[in-house]
Amino acid sequence: MKKQIRQFALLLLLGSTTVTLHAQEKKHITSETPAQKEKRMAWWTHDRFGMFIHWGLYALPARHEWVKHNERLTNEQYQQYFDLFNPNQFDPVSWAKQAKAAGMKYAVLTTKHHEGFCLFDSKYTDYKATNTKAKRDLVREFVNAFRAEGIKVGFYYSLIDWHHPDFTIDGVHPQRPENASDSVYARLNKGKDMNKYRQYLRNQITELLTQYGKIDILWLDFSYPGKNGKGKDDWDAVNLLKMIRKQQPGIIVDNRLNLDEYEDGADFLTPEQVKVEELAQYRGKTWETCQTFSGSWGYYRDENSWKSTHQLLELLIGSVSKGGNLILNVGPTARGVFDARAQSALGNIGTWMKGNSESIYGCTYAPENFKIPQNTMLTYNATTRRLYVHLLAYNQRLELPGYHGKVKYAQLLHDNSEVKFTAEGDNMILHLPEKQPDMEIPVVELVLN
Ligand code: GLC
């Protein structure tokens, strides 16, 4: 099962990177100019750091948000999670405060994941939070709480739906047959009508985009075109996107609608759970890498592969140093809280961001003529002309190759304390404090000439 998920993740990655047509050859859906697009996305490219929240019925089994697929559960078997869902500690204000304290500027919540359960009060289904013991529209409360903290609001909506009766059984569906012929699929799908599902999709996205005020981001997930898969035609993606743009002209939409052949079929690429080194290939493009604390997206009780604070900061700094955004995921428990491991990770990120966020917001990769010193990551703010050297491994002496003559002043970012430097040929030598400052990854701010 894990292998299958990995295969689909690979497909996703390929889908987002195989841009073979040149920009001028690509088709267009709207008439927006590149300058208009840049303006529309300016806040997002500036803010760099967001929170993903995967929450749904899968928090109860607590063993992967794909549990229905992995264990081939039927709607009947899955029903117990709906019946027992009772998030009586749900406190979106505390979620929002934690996101804000961590330095996250936007948040994207799963309004519906592949399991089909809706956290919002949709009039097109009974399979929703208002009909559980939660008895309320959890999306509305999320929106209100995050907006109140000044955090931009985004909706994740799964194109896939393993509960809807008209969503045809395909190769990823929990009820998929093993190595089956077309006729087996046809028999299984007798009576299912994707036209009705397409309409459901449109109706629900319309609800989300017209009844909750201004929505900043829409994160649709995902397409897997080809045999026994689903893609743009299954979603009527072109018309769907036109509708989305009309309902929310400022909205920022991800790239998982399978519209790669269109210049404006997506606003950003979504490399999922990739290593920092792999992000180099996206230079010059607009992208956001989505990452987890421990591997899965939904709350997974027994997963013990949690990243360290150092690793999480490397992901954040590394994303910006390659010119993109990071959206870091939290999977709240079925009670409705961030578990202790997530809370402590967010707190640690917040401590670092408090002292160093200037090297994240508004930053991107360093200009070509600045080499990356050993064991560091560079980010750069073109407006203030400051270069940020992130010290991944600490040494009192740091050689900056070829930097001599390019720097006016150097200081530690978190306390603005001066760092002296000398020259050795073309190189600049930084003389840092003997003892590492109390920062997981100290940052040196260089004021450029
Ligand atoms: C994948 C997975 C999913 C997760 C998402 C986040 O497509 O299906 O569980 O929501 O990526 O990027």
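Below, each value reflects all heavy atoms present in this structure, side chains not excepted, and no hydrogens, waters or symmetry copies. When a residue number appears, it is its place in the shown sequence, counting from 1. Computed from a predicted structure; not experimentally measured. Just follow the structure's listing: the first ligand is 1, and inside any ligand the first atom is 1.
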Residue portion contacting ligand 1 (non-hydrogen atoms closer than 4.0 Å) for Trp219: side chain

Residues at least two apart in sequence or cross-chain that pass side-chain hydrogen bond (donor to acceptor under 3.5 Å, both in side chains) with Thr132, listed by chain then number, are none

Counting each atom of ligand 1 from 1 as listed, which ones have a heavy atom of Cys290 under 4.0 Å away? 12 (O)

Part of Thr270 within contact of ligand 1 (heavy atoms, under 4.0 Å): neither

Considering the heavy atoms of Trp66, write down every atom of ligand 1 situated less than 4.0 Å from one of them. 2 (C), 3 (C), 8 (O), 9 (O)

Under a 4.0 angstrom heavy-atom cut-off, which atoms of ligand 1 come close to Tyr156? 10 (O)

Between Asp83 and Gln79: side-chain donor-acceptor atoms closer than 3.5 Å: yes

Applying ring-ring contact (aromatic ring centres under 6.0 Å, His included), which residue pairs with at least one partner in residues 306-350 are found, sequence neighbours left out? Trp95-Phe338, Phe293-Trp306

Measure the acute angle between the ring planes of Tyr200 and Tyr197, then classify it against the limits of 30° and 60° as parallel, tilted or perpendicular. tilted

For the pair Phe167 and Trp235, name the ring-plane relationship: parallel under 30°, tilted 30 to 60°, perpendicular over 60°. parallel

Glu115, Glu288, His114: member with heavy atom nearest to atom 8 (O) of ligand 1: His114

For atom 1 (C) of ligand 1, which of His69, His54, Glu272 has the closest heavy atom? Glu272

Is the terminal nitrogen or CZ of Lys68 (NZ for Lys, CZ for Arg) located under 6.0 angstrom from the six-membered ring centre of Tyr78 and within 45° of that ring's axis? yes

Would you call the rings of His113 and Tyr156 parallel, tilted or perpendicular, where under 30° means parallel and over 60° means perpendicular? parallel

Per-atom contacts of ligand 1 with Glu65, taking only distances under 4.0 Å to non-hydrogen atoms: 3 (C), 9 (O)

Return yes when Gln273 approaches ligand 1 closer than 4.0 angstrom through a heavy atom, no otherwise. no

Which of the atoms in ligand 1, numbered in the order shown and given with their element, are less than 4.0 Å from a heavy-atom of His113? 3 (C), 4 (C), 9 (O), 10 (O)

